[in-house]
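Protein chains get the first letters and strands the later ones, always in sequence-line order, with residue 1 at the start of each.
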Amino acid sequence: TEDFVGHQVLRVSAANEAQVQMVKELEDLEHLQLDFWRDPSRPGTPIDVRVPFSSLQAVKIFLESHGISYTIMIEDVQSLLDKEKRQMSSFQAR
Amino acid sequence: AQSTDTFNYATYHTLEEIYNFMDLLVAENPQLASKIQIGNSYEGRPIYILKFSTGGDNRPAIWIDTGIHSREWVTQASGVWFAKKITQDYGQDPTLTAILDSMDIFLEIVTNPDGFAFTHSSNRMWRKTRSKTAGSICVGVDPNRNWDAGFGKPGASSNPCSDTYRGKFANSEVEVRSIVDFVKTHGNIKAFISIHSYSQLLLYPYGYTSQPAPDEEELDQLSKSAVTALASLYGTKFKYGSIIKAIYQASGSTVDWTYSQGIKYSFTFELRDTGRYGFLLPASQIIPTAQETWLALLTIMEHTLNHPY
């Protein structure tokens with residue numbers, strides 16, 4: 001199964017239309033393999049994007065260099081998935 | 001589980017467990033609940049809906065679906081909880097009893113079975129169907145961009161590798177086609193509610209155009225009542241509005257099509273949360289999410305009952 005170790009979900013806050021467009025351009029860079037949980041739509045509306053570990057540095061540098069603010073919504077996706085799986089299997093065991 | 005009373009509603013379940021739950025529920029409530037197969041998914045899995053009816057023939061009906069985007073696990077889990085709630089409350093809750101004494105309720109819990117199975121077996125983050133696109137290595141179509149309403153307009157992607165890929169043509173996905181055929185054959189559905197997560201939103205048409213829907217004022221008022229009822233339980237705040245105003249332009253969406261079919265009370269829910277866990281909502285929040293959403297659903301269903309058209 002697909003592994004998400006090191007993947008992070010970033011919450012990006014685009015301050016203006018230009019920044020929204022820049023984030024949309026990121027969406028087209030298929031090699032980054034970004035997974036938008038909440039699509040870029042308009043300034044002020046949060047954009048949530050899952051970033052594979054291998055793309056994290058590039059994406060963060062891009063955002064910081066363009067002054068686009070972001071926070072880390074999920075530090076490590078895999079740890080949440082493991083927790084979910086543990087809960088399901090403990091129930092099934094019971 | 002041996003019965004729907006021992007079923008654990010506070011954890012996520014596999015497709016097989018949910019299908020077994022449906023059989024248990026129908027067996028325990030033969031006078032009220034029945035299971036209908038409306039088609040087979042792309043990979044050949046049966047697509048089931050539950051019908052809750054107290055009699056009559058082709059009564060006015062309410063449709064609720066969950067799980068059209070497979071990774072939004074809290075929605076299928078809520079759908080399971082809604083099914084049990086309906087059987088528990090009929091005859092007990094006066095509002096639900098009045099609704100079911102005059103109308104039928106159809107509930108499709110796993111609207112995208114192939115995608116849901118794939119989230120359990122291979123990729124928890126999978127959103128789309130699992131259909132193959134000729135000429136592309138990428139798989140799947142966004143089943144909420146594949147409906148014949150503004151299909152092909154801005155608000156969906158023509159790239160098969162995109163998560164919002166609309167598909168080669170409207171209703172190309174059998175998971176969508178099956179519902180379209182059912183709705184058209186039934187012909188008497190008066191409310192259509194499609195449940196997604198996350199963002200805590202209650203949305204009504206349109207998504208593909210900024211033109212206001214003819215019934216916008218009524219839909220807006222009803223949304224306000226519904227989100228107020230929802231918030232009354234745990235204080236969970238929902239925003240509401242038309243799809244294009246509240247979030248973004250989305251073409252080919254479910255409720256734009258159902259509204260175009262004359263189903264006035266067409267809504268999309270985006271359940272918990274607003275963005276801490278997103279699609280990975282902890283199982284501990286399943287029941288509270290389902291409970292608060294149920295209050296909003298009751299508000300919409302009661303309004304539909306009291307405003308026949």
Inset, instruction - Quick one: closest heavy-atom pair of B/Ala246 and A/Arg42, and the distance? - result: O-NH1, 3.6 Å

Legend entry - Which portion of B/Ser199 sits near chain A, non-hydrogen atoms under 4.5 angstrom: both

Legend entry - B/Tyr277 versus chain A, the contacting section by heavy-atom distance below 4.5 Å: both

Legend entry - Portion of B/Asp163 that has a non-hydrogen atom of chain A nearer than 4.5 angstrom: side chain

Inset, instruction - Could you look at B/Ser121 and say if it's the side chain, the backbone, both or neither that has a heavy atom under 4.5 Å from chain A? - result: backbone

Legend entry - Under 4.5 Å from any heavy atom of chain A - which part of B/Arg71: side chain

Inset, instruction - Could you tell me which portion of A/Gln87 (side chain, backbone, both or neither) has an atom closer than 4.5 angstrom to a non-hydrogen atom of chain B? - result: both

Legend entry - residues 55-75 of chain A: residues contacting chain B (heavy atom under 4.5 Å, by number): A/Met73, A/Ile74

Legend entry - Contact check, side chains of A/Asp48 and B/Tyr198, non-hydrogen atoms, under 4.5 Å: yes

Legend entry - Heavy-atom contact with chain A under 4.5 Å, split by part of B/Glu17: side chain

Inset, instruction - Pick one of side chain, backbone, both or neither for A/Asp35, based on which atoms fall under 4.5 Å of a heavy atom in chain B. - result: side chain

Inset, instruction - Taking all non-hydrogen atoms of both residues into account, name the closest pair between B/Gly278 and A/Trp37 and its distance. - result: CA-CZ3, 4.0 Å

Inset, instruction - Give a yes or no answer on whether the side chain of B/Arg124 reaches the backbone of A/Glu2 with a donor-acceptor pair at less than 3.5 Å. - result: no

